Amino acid sequence: MDAQTPARGATDAGAARALQTSIDYVAPPDRRPAHFPPGWRFAAGGAPFVARHAIVASDAPIASRVGSQIMRRGGNAVDAAVATAFALAVVYPEAGNIGGGGFMVIHLADGRNAAIDFRETAPLAATRDMYVGPDGKVTDRSLIGPLASGVPGSVAGLTAVLARYGTLPLSTVMQPAIRLAERGFVIDSASGRTLRGYAHNIAEFGGAPLFVPDGQPLRAGETLKQPALAKTLRAIARRGRKAFYEGPIAEAWTSELAKRGGIITMEDLRRYRPVWRTPIRSTYRGNTLLTMPPASSGGVTMTETLNILEGFDSLPPFGSAGWAHIVGSAFQRAFVDRNAKLGDPAFVKVPIEELTDKQYAARLRATIAPMRATPTTSLKALGEGTQTTHVSVADARGNAVAMTTTLNELFGSSVYLTSAGFFLNDEMDDFTSRPGVPNMYGLVQGEANAIAPGKRMLSAMSPTIVLDPRGKLLLVAGARGGPRIITSTTQVILNVLDYRMSLADAMSAPRLHHQALPDSLRIEDRGITPAVTDSLRAMGYHPFFGGAIGLVNALMRVPGGFEGVSDPRGSGSAAGF
Ligand code: DON
């Protein structure tokens with residue numbers, strides 16, 4: 001691998017910031033010009049990264065380049081996705097991981113589709129009320145510190161997927177990550193800022209010597225070398241999943257965790273298995289969508305939303321009050337079901353067929369009043385009947401991979417295991433700690449997602465592949481952002497399919513979010529005009545304006561190649577050739 005030593009810029013923000021207006025870029029002829037409200041932070045008509053043969057879009061430019069180079073050396077999209085994931089674990093430690101979990105959807109050139117769930121599981125010693133304090137209040141132990149982590153799934157998932165669908169040896173696809181851990185890379189300004197924000201927590205839970213030396217968080221321009229992580233990665237490259245789940249490395253990190261009060265045991269690791277699942281396959285206006293089934297809620301919620309929207313011959317003009325109302329109401333209804341009915345299918349019966357049925361969506365659509373908000377509480381009866389990272393990859397042979405992986409919050413639980421060189425997730429917060437009490441994302445969830453030993457916590461991760469009406473690859477997308485993963489990914493798809501925007505515009509366009517509870521329509525700051533805001537208020541909405549909704553990484557097949565865009569709200573970039 002021709003990575004420089006040390007490679008510059010984990011997330012090298014400004015360097016490759018693609019979405020500038022470019023007089024050279026001409027959008028494919030089937031795209032329409034987009035119009036955003038005056039004052040919106042991104043200009044329409046921006047240029048994407050364009051590649052002729054193969055492409056990767058991720059949150060870290062170095063990691064995208066690693067994936068691209070693996071394909072240049074003959075690897076396929078799966079090889080590249082796995083290489084990118086391991087590289088993210090090194091250069092993007094706030095979200096890339098070996099101490100977390102994720103989901104991957106795969107579409108192969110020969111028409112086969114697959115999905116793998118490498119979500120974390122609750123440790124065997126976990127109990128339903130472990131985060132409820134003596135006063136009956138939910139504590140923050142599901143978010144920070146040694147009790148917050150589920151049993152990591154990433155190493156098991158990535159090695160399994162490579163064995164089944166990859167073409168290169170594990171040692172080859174892991175080599176760039178090992179090198180980056182060993183030789184180091186230069187922290188850029190985006191990572192520097194993130195580290196500063198989390199320095200206190202990281203220092204409290206073991207990460208001080210590496211990330212906060214002498215009490216000062218590493219800054220942009222400094223080099224981060226991770227010898228312990230390099231050693232762990234080297235062992236995995238040699239011996240596969242066993243190196244992480246059995247033997248001396250596993251013994252070392254589980255006993256280090258136990259000393260600090262954690263409960264993940266060798267038995268938990270021995271039992272951990274990723275699960276191959278059948279992707280949810282649905283259609284939207286003649287296109288085919290392949291998305292992730294539970295233990296992620298992403299695919300069901302996205303499919304339900306799109307089925308509701310498909311019943312409208314066309315969607316209201318982008319950015320109008322009608323747009324916010326119809327799209328927001330569809331999300332609101334899908335999230336009511338998500339929050340109440342979804343959970344790990346090994347533990348609860350999940351009505352996937354009903355929730356993804358077009359007739360069922362028609363019943364939900366009928367509850368959307370023309371130009372009038374519906375309070376979420378009145379929808380409840382209808383029941384009968386902070387850090388993640390997404391990678392989109394496509395190769396020259398027609399294979400595509402959508403993968404989302406996470407530690408949950410930035411740096412997960414903040415617990416850094418010095419013996420093995422990685423951060424552990426705080427995914428336990430995605431369970432319902434107590435029915436009716438909101439989690440970190442304000443999600444109010446039910447019994448279906450209650451904690452039980454060995455159970456997977458419900459996720460919102462939505463890795464998605466869209467095939468065009470002829471069955472050819474069109475789009476690969478996914479995001480980070482908790483429940484906003486679902487709404488942001490869906491909106492990029494709507495922007496491409498309904499509004500015919502170029503990929504760059506589809507990614508730059510203002511976004512909204514509705515997750516049923518809290519019962520509010522959230523819109524990105526300056527994402528709609530004051531007149532539209534007034535109209536929404538008159539319709540009974542209480543629009544709430546806030547920061548970025550989701551960070552999406554997407555690619556689109558266009559005549560002559562691919563376009564790739566990393567969300568302009570973040571600091572990633574695409575790479576390819
Ligand atoms: O699985 C989930 O839905 C969450 N743990 C995702 C967290 C996330 O996206 C944080 N990033 N901003």
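What you see is a predicted model; the values in this text were computed from it and never measured. Counting starts at 1 for both ligands and their atoms, in listed order.
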Asn113-His107 side chain donor-acceptor pair, cut-off 3.5 Å: yes
Arg456: which of Asp430, Asp344, Asp117 passes salt bridge (Lys or Arg N to Asp or Glu O under 4.0 Å): Asp117
Met461 vs Ser297 side-chain heavy atoms within contact, under 4.5 Å: no
Flag for Asn553-Ser392: side-chain donor and acceptor within less than 3.5 Å: no
contact_flag Glu409 ligand 1 heavy-atom lt 4.0 Å: no
Region of Met457 engaging ligand 1 - heavy atom pairs below 4.0 Å: neither
Atoms in ligand 1 flagged as close to Tyr441, the criterion being non-hydrogen separation under 4.0 Å: 7 (C), 8 (C), 10 (C)
Numbered atoms of ligand 1 (with element) below 4.0 Å of Ala460, judged on heavy atoms: 1 (O), 2 (C), 3 (O)
Part of Arg119 with heavy atoms under 4.0 Å of ligand 1, whether side chain, backbone, both or neither: side chain
Please table the atom pairs, donor to acceptor, closer than 3.5 Å between any side-chain atom in residues 151-161 and protein atoms at least two apart or in another chain.
from, atom 1, to, atom 2, distance (Å)
Ser154, OG, Asn97, OD1, 2.5
Ser154, OG, Gly100, O, 3.2
Ser154, OG, Gly101, N, 3.4
Thr159, OG1, Val155, O, 2.6
Thr159, OG1, Ala156, O, 3.2

Under 3.5 Å: N/O of Thr406 near N/O of ligand 1: no
Six-ring centre of Tyr245, Arg241 cation under 6.0 angstrom, axis tolerance 45°: yes
Side-chain heavy-atom pair Phe211, Tyr198 within 4.5 angstrom cut-off: no
Contact (N/O only, under 3.5 Å) between Gly482 and ligand 1: yes
Ligand 1 to Gly481 polar contact by distance, N or O atoms, under 3.5 Å: yes
Element-labelled atoms of ligand 1 that are located less than 4.0 Å from some non-hydrogen atom of Glu427: 5 (N)
Arg219 CZ: over 12 foreign heavy atoms closer than 6.0 Å: no
Subset of ligand 1 atoms that lie under 4.0 Å from at least one heavy atom of Ile485: 9 (O)
Backbone or side-chain N or O of Asp430 under 3.5 Å from ligand 1 N or O: yes
